[in-house]
Amino acid sequence: MAGTDESIRALLAGNLKRARERHGLSLSELSRRSGIGKATLSQLESGSGNPTIETVFSLSRALDVPISALLDAPAPRPFTVVRAAEVEVLSGEGVDLRALRRITSGDTTVELYDQQVRARSRQKSLGHAGTEHTVVQDGVLLVTVDGHRTELGPGDYVGFDGSLPHSYEAAGEAVRSVLLLHYRTTAATEPVHDH
């Protein structure tokens, strides 16, 4: 995922344009499907936009691609160390995500994130591609999926279809968790890299 070599903006710019063109979509059609303004999409594709979690998730849903297909850099070396200070934070309404790794094996892709839900904050998602898995490390996390709500504490796990509307909420102190997004890989979901 994005590190010190390429910023989230630069990675999103190239990958978004390639994904949109691969799907044969105009900016206007992608705007209609994602609910993101055409001018904003144009800025994102030029690398001058400021993407949020909500924006990236909407694009993932509209293009039916994994989030990493929009944010992924070339494959890491066999031995990989990811330092917290070297990973850009993708922030949303209530969550800060740090993309740690993308793992592909056969027809399966897993994205690994360090996820922090800010104190007394809520992050809503209309849904996106893939299956979502979360393990709480610290704090109490309220998770609502398609109208069903559950409370998770340290060590607790939840998994669900990521295409369903869902939200994460820290009613009190900040919550730290590990987020895994799991996808079935197809040729259309693979990011294209220019070398």
Measure the shortest side-chain to side-chain distance between L63 and L25 over non-hydrogen atoms and say whether it is less than 4.5 angstrom. yes
Would the number of heavy atoms belonging to other residues, nucleotides or ligands and lying under 6.0 Å from CD of E29 be above 12? yes
Is the shortest heavy-atom distance from the side chain of N50 to the side chain of R9 under 4.5 Å? yes
Interatomic distance, L181 atom CG to L179 atom CG [nearest 0.5 angstrom]: 4.5 Å
Would you check if there is a donor-acceptor pair between the side chains of S68 and E111 at a distance under 3.5 Å? yes
Would you give the length of the straight line joining atom CG of L97 to atom CG of L71, rounded to the nearest 0.5 angstrom? 9.5 Å
I36 vs L30, test: side-chain contact (heavy atoms from CB on, under 4.5 Å). Steps then yes/no. CA-CA 8 Å; I36 299 169; L30 182 56; over 6 Å; no
Tell me whether R20 is salt-bridged to E45, with the criterion being a basic N under 4.0 Å from an acidic carboxylate O. yes
Note, R98 side chain near D96 side chain (heavy atom, < 4.5 Å): no
Single hit among V89, L90, I67 for side-chain contact (heavy atoms from CB on, under 4.5 Å) with I53: L90
Is there side-chain contact between L27 and S42, with heavy atoms separated by less than 4.5 Å? yes
Is there a continuous path of hydrophobic side-chain contacts, each under 4.5 Å between heavy atoms, that joins V135 to V143? no
Any Lys/Arg nitrogen of K124 or E169 sitting under 4.0 Å from an Asp/Glu carboxylate oxygen of the other? no
Check for a donor-acceptor pair, side chain of S121 on one end and backbone N or O of V117 on the other, with a separation under 3.5 Å. no
Check the pair H166 / H148 against ring pair (Phe, Tyr, Trp, His ring centres under 6.0 Å), numbers first and verdict last. CA-CA 9 Å; H166 56 276; H148 302 283; over 10 Å; no
Walk me through it: do Q115 and T134 pass the test side-chain contact (heavy atoms from CB on, under 4.5 Å)? CA-CA 9 Å; Q115 176 176 258; T134 299; 4.0 Å; yes
Within the distance-only criterion (no hydrogens, no angle test), does the side chain of D156 pair as donor or acceptor with the backbone N or O of G153 below 3.5 angstrom? yes
In the structure I gave you, are the side-chain heavy atoms of H182 and T108 within less than 4.5 Å of one another anywhere? yes
Go through the side-chain N and O atoms of S48 and Q43 and say whether any donor and acceptor fall under 3.5 Å apart. no
From CG (L12) to CG (L59), nearest 0.5 Å: 6.5 Å
Evaluate the side-chain proximity of V82 to V87: yes if any heavy-atom separation is below 4.5 Å, no if none is. yes
Grab the two heavy atoms, one from R61 and one from H128, that are nearest each other, plus how far apart they are. CB-CA, 4.0 Å
Can you see whether S26 engages S28 through a side-chain donor-acceptor pair at a distance of less than 3.5 angstrom? no
Closest contact, heavy atoms only, F57 versus S125: CD2-OG, 3.7 Å
With the side chain counted from C-beta on, respond yes when P154 and Q137 share a heavy-atom pair under 4.5 Å apart, and no when they do not. no
Locate the shortest heavy-atom distance separating E88 from S7; write the atom from each residue and the value. OE2-CA, 2.8 Å
If you measure from OG on S163 to CG on D146, what distance do you get to the nearest 0.5 Å? 9.0 Å
Are V145 and V140 linked, directly or through intermediate hydrophobic residues, by side-chain heavy-atom contacts shorter than 4.5 Å (ILVMFWY only)? no
Using the rule given for side-chain contact (heavy atoms from CB on, under 4.5 Å), can you reason through R102 versus V110, listing the C-alpha separation, both sets of side-chain angles and the distance that settles it, and then say yes or no? CA-CA 6 Å; R102 174 189 167 123; V110 175; over 6 Å; no
Heavy-atom closest pair, residues Y183 and G130: CD2-CA, 3.5 Å
Path from L142 to F160 over hydrophobic side-chain contacts below 4.5 Å: no
Carboxylate-amine/guanidinium proximity below 4.0 Å for D138 and R176: no
Working to the nearest 0.5 Å, report the span between OG of S34 and CD of E54. 13.0 Å
Under a 3.5 Å threshold, yes or no: a donor from one side chain and an acceptor from the other, between Y168 and T144? no
Work out which heavy atom in L70 is nearest to a heavy atom in L16; give both atom names and the distance. CD2-CA, 4.1 Å
Within the distance-only criterion (no hydrogens, no angle test), does the side chain of S60 pair as donor or acceptor with the backbone N or O of V65 below 3.5 angstrom? yes
Output yes when a side-chain donor or acceptor of R22 lies under 3.5 Å from a complementary backbone atom of K17, and no otherwise. no
I need the R184 CZ to D107 CG distance, nearest 0.5 Å. 4.0 Å
